[in-house]
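Letters A, B, ... mirror the listed sequences (proteins, then strands); counts begin at 1. Here the structure is a predicted model, which is why all the values come from computation and not from measurement.
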Amino acid sequence: MVASLLLYGCSTPQTPQDLLAPTDAQLKIRSIQTRTFDVKDRNAALRGVIASLQDLGFIIERANEPLGLVTAARFAEPNYYDVISVTVTVRQDTKDRLTIRANAIYNNKPIDDPKVYQNFFASLERSLFLTKE
Amino acid sequence: MLLTGCVTHTEPAELFQLTAETSKHRAMQTRFFETPNEKELLSASAAVLQDLGFQVEESVREVGFLRATKERSAREYGQYIQRALFLVLSFGKLLSPVDLHQKIATGLITRPLNQAATRQEVCIVFYRIVWKGDGQADRQYIPPGQQHMEMIRDPEIYQQFFAKLSKAVFLEAHTI
């Protein structure tokens, strides 16, 4: 018994083969994080994302137009020990439709609460609608 | 249980919600200009920030985005007086940490407001991160480097910025 335990301690752990394989949870969270919009102008959508994040009190850290990428963060006010970061990508699906995906992280833990994303997309819609006036 | 009760905790979902104060802050942080030239507005904004002592750290012209920072001392007389007062009142037991250093940062975005892009909006937010020095509470040493962050909500700072910007582009800054 002891010998087998010792032996077990020595063996190198096997890398699981399914390390990068998608799980059901991943697929579910992806659908929560993604919305499609009937918007033609990708640039305007990206600006809308930036504006709505700034409205929500996020600090824009990086933006990349060619890739349609925005990274932002904010403290979980009123406490300043926790940080929420979010990465949003805007991709053109078809000529008049685009997909927006948001990934939010609380400290270093991914947020999988659908409510968070619902709220984000609600304020984004407001911002996209504002630009169209 | 009691301890957790004392700490105010915000649910992540709440942080993605627009609050009653959002529009008030937005009005303070946003002006629009009657100009089709967004590039000029962005470069003038960068110039104004430079005049105010900021270093531009990130700029993306295609989405009209600027991020700039400046670092300054955060020492204030008031805090030193308070520290001395606490020290006396606690019979030398409490040496409260004071603010030492701060980084003032800003994020600015410009975007066209209408289809023809003859009207541009400029939205800027200022915030600061403050680092504290060390201190002592009874026998417990408080190490330096404790930091906190705050959004700057003083309307005057925003008014000053927009006054300078409107002078730089020879245009009137309209409030939303």
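Remark: Glu65(A) CD to Phe65(B) CZ distance equals 14.0 Å, nearest 0.5 Å. Cys123(B) contributes atom SG, which lies 6.5 Å from atom CG of Asp55(A) (distance to the nearest 0.5 angstrom). Between Phe75(A) atom CZ and Leu15(B) atom CG the span is 12.5 Å, to the nearest 0.5 Å.
Crowding of Glu34(B) atom CD: a count of heavy atoms from other residues, nucleotides or ligands under 6.0 Å exceeding 12. Within a 6.0 Å radius of CG in Asn108(A), no more than 12 heavy atoms belonging to other residues, nucleotides or ligands are found. The number of heavy-atom neighbours closer than 6.0 Å to CZ of Arg83(B), taken from other residues, nucleotides and ligands shown, is above 12. In the displayed structure, Arg42(A) atom CZ is contacted under 6.0 Å by more than 12 heavy atoms of other residues, nucleotides or ligands. Under a cut-off of 6.0 angstrom, the local environment of CD in Glu156(B) is sparse, with at most 12 non-hydrogen atoms contributed by other residues, nucleotides or ligands. Sparse packing is recorded around NZ of Lys164(B), with 12 or fewer heavy atoms of other residues, nucleotides or ligands lying under 6.0 Å away.
Contact count versus chain A (heavy atoms, under 4.5 Å) is highest, among Gln29(B), His25(B), Glu38(B), for Glu38(B). Ranked by non-hydrogen atom pairs under 4.5 Å with chain A, the options Thr110(B), Ile109(B), Val60(B) are led by Ile109(B).
Electrostatic pairing of Glu62(B) and Arg47(A) does not count as a salt bridge here, judged by no charged N lying under 4.0 Å from a carboxylate O.
Between Phe121(A) and Phe16(B), every side-chain heavy-atom pair lies at or beyond the 4.5 Å cut-off.
When heavy atoms are compared at a cutoff of 4.5 Å, Met151(B) approaches chain A solely by way of its side chain, counted from C-beta outward. With a 4.5 Å cut-off on non-hydrogen atoms, Ala51(A) touches chain B through its backbone and its side chain both. Heavy atoms closer than 4.5 Å to chain A are found in the backbone of Ile124(B), but not in its side chain. Heavy-atom distances place both the backbone and the side chain of Ile50(A) under 4.5 Å from chain B. Contacts between Arg62(A) and chain B at a heavy-atom distance below 4.5 Å involve backbone atoms as well as side-chain atoms. Only the side chain of Glu58(B) comes within contact range of chain A, with heavy atoms under 4.5 Å apart. For chain A, no part of Glu21(B) is nearby; none of its heavy atoms comes within less than 4.5 Å. For Leu56(A), the parts lying under 4.5 angstrom from a heavy atom of chain B are both the backbone and the side chain. Looking at Ile60(A), the atoms closer than 4.5 Å to chain B (heavy atoms on both sides) sit in the backbone and in the side chain alike. Contacts between Tyr117(A) and chain B at a heavy-atom distance below 4.5 Å are absent for every atom of the residue.
Criterion: ILVMFWY side-chain heavy atoms under 4.5 Å apart, direct or through other members. Under it, Leu95(B) and Val98(B) are not part of a common hydrophobic cluster. Hydrophobic clustering (side-chain heavy atoms under 4.5 Å, transitive across Ile, Leu, Val, Met, Phe, Trp, Tyr) keeps Leu52(B) apart from Ile129(B). Linking ILVMFWY residues whenever their side-chain heavy atoms come closer than 4.5 Å, directly or via other members, leaves Val125(B) and Val88(A) in distinct clusters. Residue Leu69(A) is not grouped with residue Phe120(A) when hydrophobic side chains (ILVMFWY) are merged at heavy-atom distances under 4.5 angstrom, including chains of intermediate members. At a threshold of 4.5 Å between side-chain heavy atoms, the hydrophobic network of Ile, Leu, Val, Met, Phe, Trp and Tyr places Ile29(A) and Val116(A) in two separate groups.
Applying the ring pair (Phe, Tyr, Trp, His ring centres under 6.0 Å) test to pairs two or more places apart or on separate chains, those with a residue in residues 151-176 of chain B are Phe32(B)-His174(B), Phe126(B)-Tyr158(B).
Side-chain N or O atoms of Arg67(B) include none that pairs as donor or acceptor with a backbone N or O of Ile59(A) at under 3.5 Å. Distance alone, capped at 3.5 Å, is enough to place a donor-acceptor pair between the Gln54(A) side chain and the Gly107(B) backbone.
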